[in-house]
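Below you'll find the structure, written out as structure tokens, and then a few comments.
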Amino acid sequence: YEDGSTFYLFYSAVISGGGTDSHNAIGVATAPAVTGTYTDNGSSILAPATAGAWDSRRVGEPSAIKVGSTWILAYMGEDSDFAYQDSERVGIATASSPTGPYTRAAGNPLVDWGAGGTWDDNLTADPSIFYEGGYYWMLYSGGGDPTGNHHPWILGLAYALSPTGSWTKHPNNPIINVGGAGTWEEYAAGRGAIWIEGGEYGGIYAGFNAGAVTPKGGNFR
């Protein structure tokens, strides 16, 4: 919500292919009320990069904020040289307008995989960015299992003094882990977002039970 009159909805869309051959770009739509009606900008604000780049196949899962006069877009990118969903990492792009043009950060991907054997050494995705206390913060999904579609997904936190980095992963990561055997979040706990209200922090996230049979949502404070 910006300038007291406009809601901005950032989204990703398939621009070619489909399924495991999906190629995505990011768009934005606007509305005078949160419930709509939303009007699309008419073109993508961030498209896949050129061949060979870390985000040359898909850009998606956008999260955007405005700090001062700068719009900051956190997004998932994927390399077309990898199999689908095998190269998801997180980058940042900035612009002076919500519709762009956006400039990719020189150090992308800024929230990359962790070292081998760590909880996020095969996946960083689903960024949710916010600004608080002079720091930029990002909640993100991480995965360390190279089999089974990188599960379990669990949630980590990264922070930076500048949106274009460098970003530091919090020493308490992962901050939201999977539940115990038989719980609704036994298989995954990811795709989260944080809000701040009345001096308290809260968040939502998605989970899967064993075998990813039933998806549900939860919250934390």
Side-chain angles (χ1 to χ4, degrees), residues 20 24 46 48-63 72-94 104-181 183 185-194 201 203 205-208 210 212 220:
T20 57
N24 292 33
L46 194 73
T50 55
W54 71 278
D55 55 352
S56 59
R57 176 174 186 149
R58 295 194 301 149
V59 292
E61 301 168 6
S63 174
I72 302 154
L73 178 68
Y75 67 97
M76 177 277 298
E78 189 167 24
D79 188 339
S80 59
D81 293 335
F82 285 71
Y84 181 74
Q85 292 185 329
D86 273 351
S87 60
E88 295 186 14
R89 302 168 188 174
V90 173
I92 294 284
T94 58
R104 289 168 161 88
N108 277 344
L110 289 173
V111 181
D112 205 342
W113 299 343
T118 58
W119 68 279
D120 60 353
D121 69 355
N122 279 109
L123 173 78
T124 55
D126 309 313
S128 177
I129 190 170
F130 62 102
Y131 183 74
E132 174 71 6
Y135 285 85
Y136 296 87
W137 299 88
M138 186 190 301
L139 190 69
Y140 70 96
S141 300
D145 181 4
T147 63
N149 201 20
H150 308 291
H151 290 285
W153 293 345
I154 46 183
L155 285 170
L157 194 64
Y159 60 92
L161 286 170
S162 166
T164 55
S166 60
W167 284 80
T168 300
K169 295 177 180 179
H170 199 279
N172 291 342
N173 280 348
I175 63 168
I176 299 290
N177 212 328
V178 291
T183 64
E185 56 190 338
E186 175 183 355
Y187 188 67
R191 292 185 173 172
I194 287 178
Y201 296 80
Y205 66 103
F208 270 114
F220 57 89

Considering only distance and modelled atom types, tabulate donor-acceptor pairs under 3.5 Å from the side chains of residues 132-140, sequence neighbours left out.
unit_1 : atom_1 : unit_2 : atom_2 : d
Glu132 : OE2    : Tyr201 : OH     : 3.3
Trp137 : NE1    : Glu132 : O      : 3.1
Tyr140 : OH     : Asp120 : OD2    : 2.9

Given 3.5 Å as the limit, does a donor-acceptor pair link the side chain of [X] with the main chain of [Y], or not?
X	Y	result
Thr164	Ala105	no
Glu78	Asp86	yes
Asp121	Gly114	no
Trp113	Glu88	yes

How many angstroms lie between [atom1] in [X] and [atom2] in [Y], if you round to the nearest 0.5 Å?
X	Y	atom1	atom2	answer
Asp55	Thr50	CG	OG1	8.5 Å
Leu155	Ser141	CG	OG	5.0 Å
Ser87	Met76	OG	CE	8.5 Å

Any side-chain heavy-atom pair of [X] and [Y] under 4.5 Å:
X	Y	answer
Asn173	Leu157	yes
Gln85	Leu123	no
Asn108	Tyr75	yes
Arg89	Thr124	yes
Leu46	Arg104	yes
Trp167	Ile92	yes
Val178	Phe208	no

Mind listing the closest non-hydrogen atom pair of [X] and [Y] along with its distance?
X	Y	value
Ala160	Ser166	CB-O, 3.3 Å
Ser63	Ser128	OG-CA, 3.5 Å
Glu185	Asn177	OE1-O, 4.3 Å
Ala51	Ser56	CA-CB, 4.1 Å
Gly91	Trp54	N-CH2, 3.5 Å
Asp79	Arg57	C-CB, 3.7 Å

